[in-house]
Protein chains: 2
Amino acid sequence: MMTEKRLATFLRREGYKITPQRRAILKAVAGAHDHLTPAALYERVQQAQPHIGLVTIYRTIQILEALGLICEMHAERTSRSYLLKRASEHHHHIICSSCGTVADVTHCGLDSLQQQLAKETGFEIDGHLLEFFGYCRHCQRLKSE
Amino acid sequence: MMTEKRLATFLRREGYKITPQRRAILKAVAGAHDHLTPAALYERVQQAQPHIGLVTIYRTIQILEALGLICEMHAERTSRSYLLKRASEHHHHIICSSCGTVADVTHCGLDSLQQQLAKETGFEIDGHLLEFFGYCRHCQRLKSE
DNA sequence: ATATAAATGATAATTATTATCAATTATAAT
DNA sequence: ATTATAATTGATAATAATTATCATTTATAT
């Protein structure tokens, strides 16, 4: 698991300073099970840091993404969403179209396809985005009622 | 190939009126090889329809997407992008991170994975988004120079 | 304890998207 | 060909997300 401390260590190693604001953000990110929009993160962090600016959230997210610690998702189209990456594990998501619950896909088996495509198209492929959409158990029940 | 006429016929069948503005948009969409943002589409359509409003672009895009004639991509993060769908073909994209060129992936072989995941997670999965990122032949050359 | 560069937050600016509404127009019915 | 009707358009404004600017504060290495 990625804890607040590990994230902080990671940032420090990269030369970033650990401010109380950042600590609060890291804690919220580490503790979140679902995906987070900048606005949602803002709300949560405000409990610990009432005077934090939304800008700081955006900035920290940018850093975390650049370091590969969180990844962007496309669950909601009005705003970006982010999710904590388990250390270096390559993985994807299944997103409930109704409630937003996220389940993990730990392996995707796309490496071979990716290699084949690189040959076919001449592209140098260095990554992919894979997301499944559907309805979680709970929302399936609601639909059928 | 999807031509302007076919798209128009499709819209008409669904009860939408074919206005000169829409005709111009359909033509631009059908003629575009790469992906289009609403703003880019706006520019192109203005040659034929100088007084068209950006809003009309947005509205028409919404209709086309609802009918499944175009699909949303995530090439650029600042704005949405769309690409014409070849009729009912399930396919994905490889996007060049440098110039935005798009290559098609005509089959993905994810159906079996999707079924397996549905079992594992209890989700009712009804679709997925798959995009590859990398560098096209041209931009690879530029990078190495 | 202090110097320094990085980080913060207030504010404003930018950009994308959506809502409202009166005027216009494609279409079907005559 | 005319006309009635509902859909469409575009001007305008509103909303929402994101980024830029800059003076002030602060974490960190020394």
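Because only heavy atoms are used, hydrogens play no part in the values below, and waters and symmetry mates are left out as well, while side chains stay in. Below, read A as the first sequence line, B as the second, and so on, with proteins coming before strands; counting in each chain starts at 1.
Listed for the R22(A) side chain is no donor-acceptor partner under 3.5 Å among the backbone atoms of T60(A). A donor-acceptor pair is defined here as one N or O able to donate and one able to accept, closer than 3.5 Å; such a pair exists between the side chain of Q140(B) and the backbone of G122(A). Without hydrogens or angle criteria, Q49(A) side chain to I25(A) main chain gives no donor-acceptor distance under 3.5 Å.
In this structure, the side chains of R44(B) and L36(B) come closer than 4.5 Å at one or more pairs of heavy atoms. Contact check for Q114(B) versus L117(B): no side-chain heavy atoms found under the 4.5 Å cut-off.
The shortest non-hydrogen separation linking I18(A) to A8(A) is CD1-O, 3.6 Å.
Counting non-hydrogen atoms of other residues, nucleotides and ligands closer than 6.0 Å to CD of E120(B) gives a total above 12. Residue Q116(B) places its CD atom among more than 12 non-hydrogen atoms of other residues, nucleotides or ligands, all under 6.0 Å distant.
One atom, CD1 of I61(A), and another, P of dT8(C), lie 13 Å apart when rounded to the nearest Å. L11(A) has its CG atom 13 Å from the C1' atom of dA7(C), to the nearest Å. Atom OH in Y42(B) sits about 14 Å away from atom P in dT17(C), given to the nearest Å. Rounded to whole angstrom, the span from the CG atom of L64(A) across to the P atom of dA7(C) amounts to 12 Å. Between the OH atom of Y58(A) and the P atom of dG9(C) there is a distance of 15 Å, rounded to whole Å. When the C1' atom of dT8(C) is taken as reference, atom CD of Q62(A) falls 15 Å away, rounded to whole Å. Rounded to an integer number of Å, the gap from CG of L41(B) to C1' of dT17(C) is 15 Å.
A donor-acceptor pair shorter than 3.5 Å can be found between the side chains of Y42(A) and Q46(A).
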- Query: Tell me, for nucleotides 5-14 of chain D in 5' to 3' order, what letter each nucleotide earns: B for a base near a protein heavy atom under 4.0 Å, S for only sugar-phosphate near one, - for neither?
  - Reply: -BSSBB-B--
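Of the two residues contacting DNA chain C, namely R23(B) and L54(B), the nearest-nucleotide position lying further toward the 5' end is that of L54(B).
For the helix from dA1(C)-dT30(D) to dT30(C)-dA1(D), the rotation axes defined at the first and last 5 base pairs enclose an angle of 40°, given to the nearest 10°.
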